[in-house]
Each structure stands twice: as structure tokens, then as C-alpha cells.
S.K.: 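Have a look at the structure that comes next, please.
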Amino acid sequence: MDDRRAPVKCLDDLVAYTREVGILPFFRNGVPGFSLEEHIAPEVWFARGVDGPWEWKGPAIRAGLVYAKLFGGRAVFITPEWYGELANVRRNGGDFDTMTDEGMITRGEARLREAFAGEKTLSSRELRARAGLSKSAAETAVTRIQMDCLMLAADFDYDRDAAGRTYGWGVARYALTDVYLGEKFVDAMQEHTVEASRGMLLSHLTGLYGEAHMNALRRMIG
């Protein structure tokens with residue numbers, strides 16, 4: 001990547017940059033240049049009193065990006081197209097049912113899925129309560145199910161002060177991937193073999209960040 005590009009200073013920059021690179025981890029990860037943290041303007045990187053990437057998560061989702069914990073249990077912005085290829089790899093070409101049959105789904109993940117009965121989205125608090133999981137068990141299951149590309153963040157809920165202004169970190173509102181993105185996404189995800197999707201992801205990322213990081217990127221892809 002060209003480190004001379006203009007830094008990300010606003011939501012529009014974030015959306016445009018993610019669409020340019022396709023996959024954008026939030027934090028540094030060992031592959032130089034492969035993170036929002038390395039390309040954002042310092043004045044908006046967790047600066048007090050300034051809206052920055054933490055506040056842009058919900059609007060970025062509404063602008064058409066996918067946001068989920070995908071690499072090492074850490075957050076990633078990704079386009080739906082590349083998310084579909086990653087989902088094909090992580091699911092081994094299957095869906096929730098086939099992964100369950102193949103023993104790839106933990107009991108915690110299964111309980112999260114059951115919690116969505118009759119609901120398209122649930123806040124993290126609602127999800128934990130409906131699944132009947134402890135906070136630590138829920139956090140583990142929520143991270144794992146996102147890594148499997150079976151659940152994603154649909155938006156974020158914020159508390160409001162007396163003047164109606166939002167404040168705080170925001171509470172994630174989750175959705176099951178296939179329900180949220182729909183049949184068109186599921187069909188597109190299955191257009192390639194698992195190995196083809198893996199190869200496309202690896203070729204794309206090494207083209208951006210160099211073949212010297214191929215092994216690290218392969219581990220991240222799965």
C-alpha cells in the first residue's frame with residue numbers, strides 16, 4: 001500500500017478507504033499498513049470530544065459496510081463482497097445447519113442462534129439474556145460466531161443525555177449474517193469453491209501488502 005495516501009479524517013473517508021482496500025482491520029495486527037489505526041488522522045483517533053472511528057461504526061454499517069470481529073477476535077470493516085469470500089472459507093462452504101452437522105458449532109453459538117427466534121436484531125444485552133449465558137460465556141460465543149461469519153453487527157445503540165445527544169461507547173446490536181444480508185448474499189457466497197475464495201483473498205491481500213506477509217495473511221484468513 002502507498003503510505004502517502006491522505007489520512008482518514010471522517011466517516012466518508014473511512015467508507016471510501018474500506019471500499020478501496022476491501023478489508024480493513026480496526027487495529028494494528030502485525031502486517032504493516034493493514035489497519036485503520038495506521039491510516040487515520042491522529043486528531044480523530046480516540047480523541048476526547050471528537051467523533052472518530054468508534055462513533056462511525058454504526059453509520060459505516062448503514063453505508064453498506066460489514067463490521068464484525070473477524071481476525072484474532074478483533075474488529076474489521078469489510079465490504080459485503082469480500083465478507084462473502086471470507087464467509088465461504090470460515091464456514092467451509094456451509095451454513096449454520098451444515099456446520100452444526102459437521103460439529104463445527106459450539107453449544108454457545110447454537111444458543112445464540114436460538115436466541116434470535118422471531119427477532120432480526122438483538123442488542124448484546126438482549127442476546128445474552130435470551131441465550132441464558134453468563135457474561136464471559138456470551139462474550140466468548142459472540143466472538144466465535146462472528147469469526148465463523150455467522151453473525152455481524154447490525155448497528156449500535158447509544159445512551160442519550162437530557163438534550164438528546166448520544167454518549168458512551170455504544171452497545172452493539174447483532175444479527176445473524178444470512179438473515180441480515182439475505183438470500184442474494186448467500187447465493188453469491190457459494191459462487192466459488194472454498195479454495196477459490198481462499199486464493200482470491202490471499203491474492204488480493206498480498207497484492208496490497210506484499211508477498212513477504214503471505215504466511216501471516218494466510219493465518220488470518222483461515
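Fair warning: this is a prediction, and the values are worked out from it, not measured in the lab.
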S.K.: Verify, without hydrogens or angle tests, whether R130 (side chain) and A117 (backbone) share a donor-acceptor contact under 3.5 angstrom.
M.R.: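 Yes; at least one donor-acceptor contact below 3.5 Å.
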
S.K.: Any side-chain heavy atom of W82 within less than 4.5 Å of one from V66?
M.R.: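 The answer is no; the side chains never approach within 4.5 Å.
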
S.K.: Do the non-hydrogen side-chain atoms of Y67 and T18 ever get within less than 4.5 Å of each other?
M.R.: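 Answer no - side chains too far apart.
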
S.K.: Sequence neighbours left out, what passes side chain to side chain donor-acceptor pair (under 3.5 Å) with H213? Give chain and number order.
M.R.: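 Scan of H213 (side chain to side chain donor-acceptor pair (under 3.5 Å), adjacent residues dropped) gives none.
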
S.K.: Report the distance from atom CD of Q146 to atom CZ of R74, rounding to the nearest 0.5 Å.
M.R.: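 Going from the CD atom of Q146 to the CZ atom of R74 covers 14.0 Å.
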
S.K.: Check this for me: E211, atom CD, are more than 12 non-hydrogen atoms of other residues, nucleotides or ligands nearer than 6.0 Å?
M.R.: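 Result for CD/E211: open.
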
S.K.: Answer with yes or no whether the hydrophobic clustering places L133 together with F116; edges join I, L, V, M, F, W, Y residues whose side-chain heavy atoms lie under 4.5 Å apart.
M.R.: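 Cluster IDs for L133 and F116 match.
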
S.K.: Using the rule that two of Ile, Leu, Val, Met, Phe, Trp, Tyr join whenever any of their side-chain heavy atoms come within less than 4.5 Å, decide whether V31 and V21 are in one cluster.
M.R.: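 Result: yes, single cluster for both.
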
S.K.: Inspect the contact between E81 and R19 and indicate whether a charged nitrogen and a carboxylate oxygen are less than 4.0 angstrom apart.
M.R.: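 Answer for the salt bridge query: no.
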
S.K.: What distance separates E37 CD from R28 CZ, expressed to the nearest 0.5 Å?
M.R.: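 Going from the CD atom of E37 to the CZ atom of R28 covers 5.0 Å.
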
S.K.: Rounded at 0.5 Å granularity, tell me how far NZ in K69 sits from CZ in F26.
M.R.: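 If I round to the nearest 0.5 Å, the distance is 12.0 Å.
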
S.K.: Is E114 salt-bridged to R111, going by a charged N under 4.0 Å from an acidic O?
M.R.: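 Judged by the 4.0 Å cut-off on N to carboxylate O distance, E114 and R111 do not form a salt bridge.
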
S.K.: Between I105 and L86, is there shared hydrophobic-cluster membership here, with clusters defined by ILVMFWY side-chain heavy atoms closer than 4.5 Å?
M.R.: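 No, I105 does not connect to L86 through the hydrophobic network.
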
S.K.: Give a yes or no on this: more than 12 heavy atoms of other residues, nucleotides or ligands lie within 6.0 Å of atom CD of E43.
M.R.: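 More than 12 within 6.0 Å, yes.
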
S.K.: Rounded to the nearest 0.5 Å, what's the gap from CG on L205 to CG on L217? Could you check?
M.R.: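 If we round to the nearest 0.5 Å, L205:CG and L217:CG are 5.5 Å apart.
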
S.K.: CZ/F77 to NZ/K57 distance, rounded to the nearest 0.5 angstrom?
M.R.: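 Reported value, rounded in 0.5 Å steps: 8.0 Å.
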
S.K.: Are I61 and L24 connected in the hydrophobic side-chain network, where two residues link if heavy atoms are under 4.5 Å apart?
M.R.: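 Yes, one cluster joins them.
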
S.K.: Looking at side-chain heavy atoms only, is the closest gap between D13 and W56 below 4.5 Å?
M.R.: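 Not in contact.
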
S.K.: Indicate if I78 and W54 have the same hydrophobic cluster label, given that clusters are the connected sets of ILVMFWY residues with side-chain heavy-atom separations under 4.5 angstrom.
M.R.: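 Yes, I78 and W54 fall within the same hydrophobic cluster.
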
S.K.: Indicate whether any N or O donor in one side chain lies under 3.5 Å from an N or O acceptor in the other, for D95 and T98.
M.R.: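 Side chains of D95 and T98: pair found under 3.5 Å.
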
S.K.: For E126 and R173, run side chain to side chain contact (heavy atoms under 4.5 Å, CB included): C-alpha distance rounded to whole Å, both residues' side-chain angles, the deciding distance at 0.1 Å, then the answer.
M.R.: CA-CA 9 Å; E126 294 167 338; R173 179 163 289 276; 3.5 Å; yes

S.K.: Is there a side chain to side chain contact (heavy atoms under 4.5 Å, CB included) between L150 and L112? Walk through the geometry before answering.
M.R.: CA-CA 10 Å; L150 294 168; L112 292 179; over 6 Å; no

S.K.: To the nearest 0.5 angstrom, please state how far the CG atom of L208 sits from the CD1 atom of I23.
M.R.: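 Rounded to the nearest 0.5 Å, the CG-CD1 separation comes out at 8.5 Å.
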
